[in-house]
*Asks:* 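I'd like to ask some things about the structure below.
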There are 2 protein chains.
Amino acid sequence: MKLRQTQRHTRQLQAVWEAVAEGAGHPTAEEVFHRARQRMRTISRGTVYRNLQKLVQQGRVFVIRAPDGVQHFDASVEPHDHFACCTCGCLVDVPLARELDTSTLESWGYSVVGRQLTWIGICADCRAGDRRAAS
Amino acid sequence: MKLRQTQRHTRQLQAVWEAVAEGAGHPTAEEVFHRARQRMRTISRGTVYRNLQKLVQQGRVFVIRAPDGVQHFDASVEPHDHFACCTCGCLVDVPLARELDTSTLESWGYSVVGRQLTWIGICADCRAGDRRAAS
DNA sequence: ATACCTGCAAACGATTTGCAAGGGG
DNA sequence: CCCCTTGCAAATCGTTTGCAGGTAT
């Protein structure tokens with residue numbers, strides 16, 4: 001019953017890590033796959049998914065669920081919240097809302113490990129450009 | 001360009017609504033399907049999904065995404081946050097965290113429609129009963 | 001009557017997994 | 001060398017959708 005086996009450092013893992021970390025934004029697995037392919041054109045989708053999982057387990061990458069249920073990956077280190085635009089679907093970092101109170105939860109016997117706060121609304125670009133929302 | 005067509009009140013819609021509203025908890029579509037089947041054994045999965053969508057659009061039901069990406073349906077009226085146990089996967093209502101500040105977002109030109117806050121941790125039951133987490 | 005709805009089953013998109021070959025440590 | 005890791009493709013899983021017949025209004 002070994003608790004964790006040694007992590008091998010493969011070229012694929014490196015490519016996936018770089019793909020997540022590059023640029024801003026929060027790529028989906030599919031986007032990570034395409035970015036990683038630019039670095040290594042033989043890497044497969046399955047390997048990207050497997051390595052993303054590893055990075056998440058190691059805490060090197062965070063996962064956020066967009067409102068549509070798709071995973072987005074986030075290499076930011078600093079804790080922060082997110083804003084999801086319900087018009088264009090973009091997902092952006094926003095500063096962490098003020099520290100939230102967990103004492104009620106703890107008094108119930110719950111142990112809080114983290115939280116996920118996503119604001120929902122319309123982003124500045126959509127408000128500026130799109131007036132054709134409800135047609 | 002009609003904005004909304006007349007909503008028909010079918011036996012199926014009624015069954016789905018009752019299935020979501022009954023009991024506590026936040027049923028998944030699959031659970032709603034099973035509950036609805038007890039009321040009407042011919043109702044189909046597709047119809048359940050379609051009617052859940054309608055209830056959500058009407059604002060009679062809310063959707064929450066569990067951390068695993070699966071939709072859960074919530075007939076509560078009062079706004080509240082959620083707690084997802086990463087051990088047993090349960091999803092429970094918790095009181096709304098104190099009002100959060102949206103002024104920064106608004107100063108960026110974002111229009112905030114809502115938010116979704118999910119605490120992640122270990123629920124009281126799991127803490128009490130399970131010591132076999134990391135084995 | 002006429003749209004909207006339903007049941008069924010096939011289609012879908014995201015993610016996972018089994019397998020045999022490949023490659024880090 | 002051993003066994004973790006890969007590429008490939010098929011399998012899952014939740015959810016959506018096309019179609020032909022059914023049913024509220």
Side-chain angles (χ1 to χ4, degrees), chain A residues 1-20 26-58 61-74 84 89 91, chain B residues 1-20 26-58 61-74 84 89 91:
Chain A
M1 57 146 98
K2 39 176 68 166
L3 292 181
R4 188 178 296 184
Q5 23 235 21
T6 29
Q7 178 70 251
R8 287 187 184 174
H9 185 237
T10 61
R11 295 163 28 57
Q12 286 87 341
L13 180 59
Q14 180 64 24
V16 169
W17 164 248
E18 287 170 6
V20 177
H26 299 323
T28 61
E30 192 64 20
E31 287 164 347
V32 172
F33 171 59
H34 285 120
R35 291 186 189 174
R37 270 242 150 144
Q38 293 175 210
R39 295 192 158 65
M40 185 182 229
R41 62 202 118 83
T42 61
I43 196 171
S44 74
R45 198 176 260 99
T47 297
V48 168
Y49 274 96
R50 275 184 290 236
N51 282 324
L52 280 172
Q53 249 176 218
K54 275 178 208 161
L55 291 171
V56 170
Q57 283 164 357
Q58 292 173 9
V61 162
F62 291 107
V63 196
I64 4 168
R65 292 269 170 190
D68 67 356
V70 177
Q71 289 184 296
H72 289 243
F73 298 88
D74 185 346
L91 197 58
Chain B
M1 54 145 103
K2 40 175 67 166
L3 293 180
R4 185 181 297 185
Q5 25 236 19
T6 31
Q7 179 69 250
R8 285 188 186 173
H9 184 240
T10 61
R11 293 162 37 55
Q12 287 85 343
L13 179 60
Q14 180 64 23
V16 169
W17 163 248
E18 287 170 6
V20 177
H26 299 322
T28 61
E30 193 64 19
E31 286 164 346
V32 172
F33 171 59
H34 285 120
R35 292 186 189 175
R37 271 239 152 150
Q38 293 176 211
R39 294 190 159 65
M40 186 181 224
R41 64 201 116 86
T42 61
I43 196 171
S44 73
R45 199 175 260 97
T47 297
V48 168
Y49 274 94
R50 275 183 292 235
N51 281 323
L52 281 171
Q53 248 176 219
K54 274 177 210 162
L55 291 171
V56 170
Q57 284 164 356
Q58 292 173 8
V61 163
F62 292 107
V63 197
I64 3 167
R65 291 269 169 192
D68 67 355
V70 178
Q71 291 184 295
H72 289 241
F73 298 87
D74 185 345
L91 196 59

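Just so we're on the same page: letters track the sequence lines, and every chain starts at 1.
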*Asks:* Send over the distance from Leu52(B) CG to dT16(D) C1', rounded to a whole Å.
*Replies:* 13 Å
*Asks:* Output the rounded distance in Å from OH (Tyr49(B)) to C1' (dA9(C)).
*Replies:* 15 Å
*Asks:* Measuring from Arg39(A):CZ to Arg41(A):CZ, what's the distance to the nearest 0.5 Å?
*Replies:* 14.0 Å
*Asks:* Is any side-chain nitrogen or oxygen of Lys54(A) closer than 4.0 Å to OP1 or OP2 of dC4(D)?
*Replies:* no
*Asks:* Arg39(A) CZ to dT6(D) C1': how many Å, rounded?
*Replies:* 19 Å
*Asks:* Check each of Val32(A), Val63(A), Val16(A) against Leu55(A) using the side-chain contact (heavy atoms from CB on, under 4.5 Å) test, and report the only one that passes.
*Replies:* Val16(A)
*Asks:* Once you round it to whole Å, what is the distance between P of dG23(C) and CG of Leu13(A)?
*Replies:* 16 Å
*Asks:* Picking from dC8(D), dG7(C), dT15(C), which would you name as closest to the side chain of Ser44(B)?
*Replies:* dG7(C)
*Asks:* Side-chain N or O of Gln71(B) less than 4.0 angstrom from OP1 or OP2 on dT15(D)?
*Replies:* yes
*Asks:* Could you tell me whether the phosphate oxygens of dT16(C), OP1 or OP2, come under 4.0 Å of any side-chain nitrogen or oxygen in Gln53(A)?
*Replies:* yes
*Asks:* Do any N or O atoms from the side chain of Glu31(A) and from the backbone of Thr28(A) form a donor-acceptor pair under 3.5 angstrom?
*Replies:* yes
*Asks:* Under 4.0 Å between a side-chain N or O of Thr42(A) and OP1 or OP2 of dG7(D)?
*Replies:* yes
*Asks:* Between dG24(C) and Thr10(A), is there an OP1 or OP2 to side-chain N/O distance shorter than 4.0 Å?
*Replies:* no
*Asks:* For the pair made of CE in Met40(B) and C1' in dC5(C), what is the distance, rounded to whole Å?
*Replies:* 11 Å
*Asks:* Output the rounded distance in Å from CZ (Arg11(B)) to C1' (dG22(D)).
*Replies:* 13 Å
*Asks:* So Val48(B) and Arg45(B), side-chain contact (heavy atoms from CB on, under 4.5 Å) or not? Walk me through it.
*Replies:* CA-CA 5 Å; Val48(B) 168; Arg45(B) 199 175 260 97; 5.6 Å; no
*Asks:* Which nucleotide wins on minimum distance to the side chain of Arg45(B), given the candidates dT15(D), dT5(D), dG25(C)?
*Replies:* dT15(D)
*Asks:* Kindly point out which of dC4(C), dG7(C), dG25(C) is positioned nearest to the side chain of Arg8(B)?
*Replies:* dC4(C)
*Asks:* In whole Å, I'd like the distance from the CZ atom of Phe73(A) to the P atom of dA14(C).
*Replies:* 12 Å
*Asks:* Between Gln12(B) and dC5(C), does any side-chain N or O lie under 4.0 Å from OP1 or OP2?
*Replies:* no
*Asks:* Ignoring hydrogens and angles, tell me if any N or O in the side chain of His26(A) forms a donor-acceptor pair with the backbone of His72(A) under 3.5 Å.
*Replies:* no
*Asks:* Select base, sugar-phosphate, or nothing to describe what Thr28(A) touches, counting heavy atoms under 4.0 Å on all strands.
*Replies:* nothing
*Asks:* Whole Å only: how far is the NE2 atom of His9(B) from the C1' atom of dG22(D)?
*Replies:* 18 Å
*Asks:* Nearest to the side chain of Arg50(A), heavy atoms from C-beta on, is which of dC19(C), dT6(C), dT15(D)?
*Replies:* dC19(C)
*Asks:* Describe the nucleic acid contact of Glu30(B) in one word from base, sugar-phosphate, nothing, applying a heavy-atom distance below 4.0 Å.
*Replies:* nothing
